[in-house]
Amino acid sequence: EAHEGGVVMEKQKNTPEACKACMARSKRGFEIVEGFKKADPPINIPQRQTKFRACYDIEAADYYIIEPGETRLIATGLKAYMQSDEVLLIHLESHFSIQKYCSIPNDECIIDSDYYNNPRNEGHIFIPIFNHGGDPVIITEGQRIAQGMFMVYLITDCDVPGGTRLGGSGSTDKYKKHRNDDPDDK
């Protein structure tokens with residue numbers, strides 16, 4: 001239940017079925033990647049918890065143990081679509097980060113619009129999490145671990161990008177090597 005102006009409102013769930021109806025007219029959102037469409041328990045489409053919250057809660061798609069001093073890539077079972085001049089910024093949930101002594105190694109994940117449906121991994125969003133603490137961190141299926149916010153970004157005058165994304169993290173570096181015809185990367 002949610003309260004608005006003294007009126008009790010029923011909270012609506014962003015199910016995959018409910019999202020399909022709005023995706024045709026939508027500009028940005030989340031979808032479940034093929035390999036997780038039949039997951040049990042099902043993957044939840046991220047949603048904002050309050051009317052004025054900027055971020056969408058993202059859950060872990062599987063069970064993980066992160067040992068002290070270790071970084072693990074946590075599957076979400078999700079991909080995100082957005083306009084070409086937008087980006088999805090992902091940060092750890094503050095309660096998770098503080099209670100578990102964890103962080104994202106580069107402070108935030110940046111999901112570009114061309115990551116969606118890329119040929120190597122369908123745009124599956126993985127979140128790298130580093131355990132700074134002295135004890136193993138257990139992450140369970142469906143546990144809220146991160147929050148994502150869609151943002152518009154600006155480009156410089158005379159911007160001339162090139163190439164097409166082929167994969168995930170580090171794929172733009174691989175593109176640059178191919179573009180420069182580096183014989184060691186073929």
Side-chain angles (χ1 to χ4, degrees), residues 2 11-16 19 26-33 36 39 41-118 120-155 165 167-173:
K11 185 176 179 181
Q12 296 182 1
K13 192 76 167 163
N14 277 351
T15 63
C19 287
S26 294
K27 296 180 180 181
R28 69 198 57 79
F30 297 93
E31 296 175 1
I32 298 171
V33 295
F36 283 86
I43 302 296
N44 291 317
I45 298 294
Q47 58 185 7
R48 298 179 310 128
Q49 296 300 314
T50 63
K51 184 175 180 177
F52 297 109
R53 184 171 174 164
C55 296
Y56 291 83
D57 290 334
I58 300 172
E59 302 173 353
D62 212 341
Y63 178 89
Y64 296 89
I65 297 175
I66 308 173
E67 297 295 334
E70 179 183 40
T71 299
R72 294 285 306 265
L73 286 176
I74 309 303
T76 64
L78 299 167
K79 58 185 175 178
Y81 61 93
M82 64 202 85
Q83 301 299 299
S84 62
D85 64 344
E86 295 178 345
V87 64
L88 174 63
L89 303 177
I90 299 177
H91 298 267
L92 289 185
E93 283 279 358
S94 57
H95 71 276
F96 175 81
S97 179
I98 293 166
Q99 291 175 0
K100 304 293 185 181
Y101 304 105
C102 289
S103 70
I104 293 175
N106 58 345
D107 293 327
E108 72 181 349
C109 296
I110 298 173
I111 310 298
D112 299 308
S113 62
D114 63 352
Y115 187 62
Y116 176 76
N117 277 343
N118 76 72
R120 292 226 175 106
N121 70 0
E122 195 188 345
H124 188 177
I125 298 170
F126 289 84
I127 301 172
I129 298 180
F130 179 77
N131 179 357
H132 295 275
D135 297 317
V137 171
I138 296 172
I139 297 176
T140 58
E141 293 175 30
Q143 180 178 346
R144 286 188 339 196
I145 56 168
Q147 51 191 351
M149 178 173 33
F150 290 97
M151 299 282 297
V152 173
Y153 65 88
L154 305 174
I155 58 173
R165 178 183 292 277
S169 180
S171 67
T172 51
D173 287 337

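Only heavy atoms go into these numbers, but all of them, side chains included; no hydrogens, no water, no symmetry mates.
- Between Tyr63 atom OH and Ile139 atom CD1 the span is 10.0 Å, to the nearest 0.5 Å.
- Contact of the Ile125 side chain with the Cys109 side chain is not registered, since no non-hydrogen atoms from C-beta on lie closer than 4.5 Å.
- Listed here is the closest heavy atom pair of Gly133 and Pro68: O-CB, 3.2 Å.
- Of the possible donor and acceptor atoms, none in the side chain of Arg28 sits under 3.5 Å from a partner among the backbone N and O of Gln83.
- For the atom pair CD1 (Ile65) and CZ (Arg72), the distance works out to 8.5 Å, reported to the nearest 0.5 Å.
- The side-chain heavy atoms of Ile66 and Ile74, taken from C-beta on, include a pair separated by under 4.5 Å.
- Taken from CD1 in Ile43 to CD1 in Ile58, the straight-line distance is 12.0 Å, to the nearest 0.5 Å.
- Contact check for Val137 versus Tyr101: no side-chain heavy atoms found under the 4.5 Å cut-off.
- Using a distance-only test at 3.5 Å, with no hydrogens or angles considered, no donor-acceptor pair links the side chain of Thr76 to the main chain of Phe126.
- With values rounded to the nearest 0.5 angstrom, Ile110 atom CD1 is found 6.5 Å from Leu89 atom CG.
- For Asn117 and Tyr81, the side-chain atoms include no donor-acceptor pair closer than 3.5 Å.
- Every pair passing side chain to side chain donor-acceptor pair (under 3.5 Å) that includes a residue from residues 123-139 is listed here, sequence neighbours excluded: Ser103-His132.
- Remark: the backbone N or O of Arg120 is paired with a side-chain donor or acceptor of Asn118 at under 3.5 angstrom.
- Across Thr71 and Pro128, no two heavy atoms sit closer than the pair CG2-CB, 4.2 Å.
- When each of Gln143, Gln147, Arg144 is tested with Phe96 by the rule side-chain contact (heavy atoms from CB on, under 4.5 Å), just one qualifies, namely Gln143.
- Residue Ser113 holds its OG atom at 11.0 Å from CZ of Phe150, rounded to the nearest 0.5 Å.
- Of all heavy-atom pairs spanning Phe36 and Ala61, the tightest one is CE2-CB, 3.6 Å.
- Although no hydrogens or angles enter the test, the distance criterion places a donor-acceptor pair under 3.5 Å between the side chain of Arg48 and the main chain of Lys51.
- Looking at every heavy atom in both residues, Ser97 comes nearest to Cys102 through OG-O, 2.8 Å.
- When all heavy atoms of Pro41 and Glu141 are compared, the pair lying nearest together is CD-OE1, 2.9 Å.
- Legend: residues meeting side-chain hydrogen bond (donor to acceptor under 3.5 Å, both in side chains) with Glu108, ordered by chain and number and at least two apart, are His91.
- Separating the CZ atom in Phe30 from the CE atom in Met82 is a distance of 7.5 Å, to the nearest 0.5 Å.
- Across all their heavy atoms, Ile127 and Ile90 have their closest contact at CD1-CG2, 4.0 Å.
- In this structure, the side chain of Tyr56 does not engage the main chain of Gly29 through any donor-acceptor pair within 3.5 Å.
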